[in-house]
Amino acid sequence: MTPIEKVEGRAIPLGLKNVDTDVIIPAHWLKTTSREGMGKGAFETLRADPDNLFDSAEYKGAPILIAGDNFGCGSSREHAAWALGDLGIRVVIAPSYSDIFSGNAVKNGILPVVLPQAAIDRLMEVAQTDPVHVDLDTQTVTTPFQDRFVFEIDPFRKMCLLEGLDEISLTEKSDAAIGAYEAKLDAERPWMRPAA
Amino acid sequence: MTRPRTLYEKIWDAHVVEQRPDGTCLIFIDRHLVHEVTSPQAFAGLRASGRTVRRPDLTLAVPDHNLPTTARKDAGGNKLPIADPESAAQLAALEKNAPEFGIRYIDAVAPEQGIVHVVGPEQGFSLPGTTIVCGDSHTACHGGIGALAFGIGTSEVEHVLATQTLLLQPAKTMEVRVEGEVGPGVTAKDVILHITGTIGAAGGTGHVIEYTGSAIRALSIEGRLTVSNMAIEGGARAGLIAPDETTLAYLKGRPYAPRGADWDAAVAYWKSLATDPGATYDKTVVIDAADIAPSVTWGTSPEDVVPITGTVPDPASFADPSKQAAAAKSLAYMGLEPGTRMQDVRIENIFIGSCTNSRIEDMRAAAAIVKGRKKADNVKWAIVVPGSGLVKAQAEAEGLDRIFTDAGLEWREPGCSACLAMNPDKVPAGERCASTSNRNFVGRQGPGSRTHLVSPAMAAAAAVTGRLTDVRELMA
Ligand code: SF4
């Protein structure tokens with residue numbers, strides 16, 4: 001996983017609320033057995049409009065996306081995070097996310113920044129003409145106009161993103177604890193194993 | 001005495017393997033359901049890193065999402081190929097991965113095959129007090145039998161396969177209490193649509209919802225699975241309904257459920273899980289069952305719910321300006337005018353199925369309305385898709401399939417079907433579908449499709465009248 005620390009660039013001022021995973025990547029793109037190449041399908045319905053933001057000269061390849069409340073709601077498909085990543089998005093900025101989406105984003109090296117709506121409104125304004133700067137280390141979003149917004153992030157997620165850590169290797173360090181849990185479960189509630 | 005705890009807290013506490021200083025917990029996963037769409041990349045990841053499946057005995061794989069729901073065998077009993085090459089590749093990957101990693105596999109043509117969330121409880125693989133995950137957001141469904149169940153993404157599927165655990169933050173708790181008795185024609189689906197309309201699509205974000213109250217207790221397991229299934233539509237990570245006698249009666253004797261002395265030990269444990277008196281929730285919403293009507297959605301968010309007797313709302317009637325904009329967009333997409341009576345909305349397609357509403361009780365409710373009637377002429381496509389082969393067999397034993405086909409509805413093979421546009425069952429652009437599934441998102445049932453979420457009885461009513469209909473008018 002690519003570590004992420006500072007991201008600077010144009011931010012796509014999408015601004016919509018409740019952007020669901022069907023909008024991020026329509027279901028027919030799910031029929032693959034690999035993770036690559038999904039950026040083509042990202043926001044397909046919105047991009048059917050020739051004047052869409054994503055393919056405009058201004059925002060093509062922009063690393064930041066600004067959205068409204070409840071971004072990534074809908075299905076658990078991780079394809080949404082793969083599609084964003086493949087499109088070149090490293091940071092999403094929104095007032096809130098669906099739980100599943102923000103987890104998937106972090107696992108795929110995409111930083112979900114949470115900021116209040118007032119900050120989003122200001123960033124939407126800046127994004128019309130200027131770049132936005134996101135610094136994970138200092139947990140700030142800044143603009144060329146001296147705006148400075150501080151965001152909260154779970155320390156574990158922050159570490160994973162900064163170091164580009166793979167979660168499975170981390171968990172494997174707890175192998176003994178998992179084994180002990182399994183032994184205790186078998187002793188206390190043996191019926192928990194499927195009967196057949 | 002320990003502090004009084006909620007059902008959620010008890011299940012959570014019993015599954016903590018390790019707690020990190022920041023509060024994140026390594027949670028043991030008791031059951032992992034796997035299907036063809038969200039698993040190929042996870043198995044590929046395992047292979048690439050040389051890992052194995054830690055607990056194949058706790059893992060069950062079954063294809064459902066993109067299997068066509070037309071005949072799967074020819075007259076000679078041979079498996080028919082899947083026409084779509086990508087779907088065929090995903091199915092082939094699962095058929096290969098399951099035995100290679102030693103996982104139980106229910107084949108596409110096995111009698112037990114069906115939608116993962118129908119199969120889990122039906123096989124007794126899903127049990128109260130267990131943690132259950134699956135790479136599908138409607139895993140919340142299993143909360144209907146009192147399991148802490150949630151949808152995960154493909155990286156997490158790989159993580160669970162490799163370690164049988166997940167790293168999670170504890171959720172906040174929310175109680176949705178539905179008290180009283182529902183009126184005639186009001187089903188579990190109407191209850192959850194009404195709840196979603198009340199709390200909003202983000203009302204449960206960050207929470208696990210426990211559904212309580214006499215109206216919930218009165219529901220069958222089928223009904224409870226319907227309610228919990230759509231916890232995610234209210235933004236919640238999972239739904240829960242405390243196991244009780246109804247739950248025990250449902251599970252006893254199912255293939256993977258405990259037997260004999262194990263059963264008794266399990267029952268004692270399950271009974272200890274109920275929320276303690278004096279335990280508190282972070283949030284409580286109380287709903288009067290008498291306020292719930294047969295319900296229908298008008299827009300493209302599951303919170304866009306009105307009673308069937310209602311009208312399409314005027315976007316200006318919403319206080320929140322962003323909801324006004326969203327509603328206006330929804331109405332443009334749905335091709336609806338504010339003020340239109342929901343009962344005047346004509347319907348071209350009917351879908352009765354999905355993990356929300358494809359169990360035997362749903363089939364019976366739909367058949368009761370269709371019986372002795374005919375599909376309306378303007379309804380071009382009407383399919384009934386049982387949730388599993390066992391539901392299908394039971395329905396056929398009761399003659400329900402004939403009731404549907406006599407009325408002009410199609411009777412299909414089990415699978416996710418028109419719940420999502422991944423298999424051949426799709427709603428054409430610009431057309432409406434009265435659908436018993438769980439999502440009315442833009443394009444969910446096919447590009448340009450217009451979904452109205454309803455109960456099976458209401459979908460059946462729409463099938464025979466050709467418009468959204470108050471099912472109470474058709475009830476004897
Ligand atoms: S029926 Fe729909 S919601 Fe249920 S498992 Fe299948 S695709 Fe997911």
Side-chain angles (χ1 to χ4, degrees), chain A residues 16-18 20-23 26-28 30-35 44-45 68-70 73-82 96-101 103-104 107-108 117 154-157 166-172 174-175 177-178 180-182 185 188-196, chain B residues 17-18 20 22 24 26 28 30 37-38 40-41 44 51 57-58 66 86-87 89-90 93 124-125 130 135-137 151-156 158-159 162-165 167 169 201-202 205-206 235 237 255-259 262-263 265-266 269 301 322 326 420-422 439 441-444 447:
Chain A
L16 291 175
K17 273 180 97 164
N18 293 317
D20 61 60
T21 50
D22 284 279
V23 169
H28 68 96
L30 272 58
K31 297 165 105 179
T32 61
T33 48
S34 121
R35 297 186 186 203
E44 191 174 65
T45 33
D69 250 325
N70 204 20
C73 59
S75 88
S76 62
R77 65 184 69 148
E78 192 162 342
H79 307 64
W82 299 338
S96 69
Y97 299 86
S98 86
D99 296 341
I100 297 179
F101 174 80
N104 285 339
K107 287 188 185 75
N108 288 281
Q117 189 62 47
D154 167 81
F156 179 73
R157 286 186 168 180
D166 145 28
E167 261 190 23
I168 297 182
S169 318
L170 263 175
T171 301
E172 281 172 342
S174 301
D175 189 58
I178 300 171
Y181 180 94
E182 287 173 321
L185 184 64
E188 287 176 5
R189 296 195 287 281
W191 51 264
M192 291 276 270
R193 279 182 183 248
Chain B
V17 173
E18 248 179 19
R20 305 270 144 94
D22 67 351
T24 310
L26 194 61
F28 191 75
D30 296 310
V37 173
T38 51
Q41 288 93 343
R51 294 186 169 106
D57 60 322
L58 303 182
N66 59 25
E86 287 162 322
S87 297
Q90 286 194 332
F125 190 74
T130 56
D136 178 282
S137 51
I152 55 178
T154 299
S155 290
E156 290 171 304
E158 187 179 336
H159 192 277
T163 69
Q164 204 58 34
T165 62
L167 270 173
Q169 287 275 359
T205 303
R237 188 86 202 257
Y256 293 114
R259 303 185 192 117
D262 274 350
W263 172 258
Y269 179 74
S301 163
S322 79
L420 85 175
M422 281 197 75
R439 291 211 160 128
F441 294 162
V442 168
R444 172 78 179 185

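Note that the structure is predicted; figures quoted are calculated from it, not measured.
- Annotation for B:S137 and A:I100: closest pair CB-CD1, 4.3 Å, computed over non-hydrogen atoms.
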Exercise for the section: Kindly indicate, with the supporting measurements, whether the criterion side-chain contact (heavy atoms from CB on, under 4.5 Å) is fulfilled by A:E182 and B:F28. Expected result: CA-CA 9 Å; A:E182 287 173 321; B:F28 191 75; 3.6 Å; yes

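- With a threshold of 4.5 angstrom between heavy atoms, B:Q169 approaches chain A through side-chain atoms but not through N, CA, C or O.
- Shown here for B:A162 and A:I168, the closest heavy-atom pair between the two residues is CB-CG2, 4.0 Å.
- The backbone N or O of A:G74 sits less than 3.5 Å from a side-chain atom of B:R439, completing a donor-acceptor pair.
- Smallest separation of non-hydrogen atoms from A:D166 and B:R51: OD2-NH2, 4.1 Å.
- In this structure, the side chains of A:E167 and B:S155 stay at 4.5 Å or more apart for every pair of heavy atoms.
- Side-chain contact between A:W82 and B:Q41 is present, with at least one heavy-atom pair separated by less than 4.5 Å.
- For chain B, the nearby parts of A:S169 are the backbone and the side chain; heavy atoms of each come within less than 4.5 Å.
- To the nearest 0.5 Å, the span separating CZ on A:R193 from CG on B:L58 amounts to 7.0 Å.
- You'll find the side chain of B:E156 reaches within 4.5 Å of the side chain of A:K107, heavy atoms only.
- Interface check for chain A: of the options B:G443, B:G206, B:A93, B:G235, the most heavy-atom pairs under 4.5 Å are formed by B:G206.
- Rounding to the nearest 0.5 Å places CG of A:L16 at 10.0 Å from OG of B:S322.
- When atom types are taken as modelled, the side chain of A:N70 and the backbone of B:A202 share no donor-acceptor pair closer than 3.5 angstrom.
- Between A:E78 atom CD and B:T38 atom OG1 the span is 9.5 Å, to the nearest 0.5 Å.
- Interface remark: A:F101 contributes no atoms to any contact with chain B (heavy atom separation under 4.5 Å).
- Between A:F156 and B:L167 there is a side-chain heavy-atom pair separated by less than 4.5 Å.
- Looking at A:D22 and B:V442, their side chains never come closer than 4.5 Å, going by heavy atoms from C-beta outward.
- Considering only heavy atoms from C-beta on, B:T205 stays 4.5 Å or farther from A:S98 through its side chain.
- The distance from atom OH of B:Y269 to atom CE of A:M192, rounded to the nearest 0.5 Å, is 5.5 Å.
- In terms of non-hydrogen atom pairs under 4.5 Å with chain A, the most contact-rich of B:A89, B:P258, B:A201, B:G124 is B:P258.
- Comparing B:L26, B:N66, B:T24, B:L420 by how many heavy-atom pairs each has under 4.5 Å with chain A, the most go to B:L26.
- Smallest separation of non-hydrogen atoms from A:A195 and B:A257: CB-O, 3.2 Å.
- Heavy-atom distances place both the backbone and the side chain of B:T154 under 4.5 Å from chain A.
- The parts of A:D175 that come within reach of chain B are both its backbone and its side chain, each placing non-hydrogen atoms under 4.5 angstrom from that chain.
- Of the atoms belonging to A:T33, heavy atoms from both backbone and side chain fall under 4.5 Å from chain B.
- Inter-residue side-chain proximity for B:D22 and A:D154 is flagged as met; some heavy-atom pair is nearer than 4.5 Å.
- For B:A326, no part sits under 4.5 Å from any heavy atom of chain A, backbone or side chain.
- If you take CG on A:L185 and CG on B:D30, they are separated by 6.0 Å, rounding to the nearest 0.5 Å.
- In this structure, the side chain of B:E18 does not engage the main chain of A:A177 through any donor-acceptor pair within 3.5 Å.
- Closest approach of B:A421 to A:A27, counting heavy atoms only: O-CB, 4.2 Å.
- In this structure, a donor-acceptor pair under 3.5 Å is present between the side chains of A:S174 and B:R20.
- Minimum interatomic distance between B:R444 and A:R77 (heavy atoms only, all atoms of both residues): NH1-NH2, 3.8 Å.
- Atoms CG and OG, on A:D20 and B:S301 in that order, are 9.0 Å from each other to the nearest 0.5 Å.
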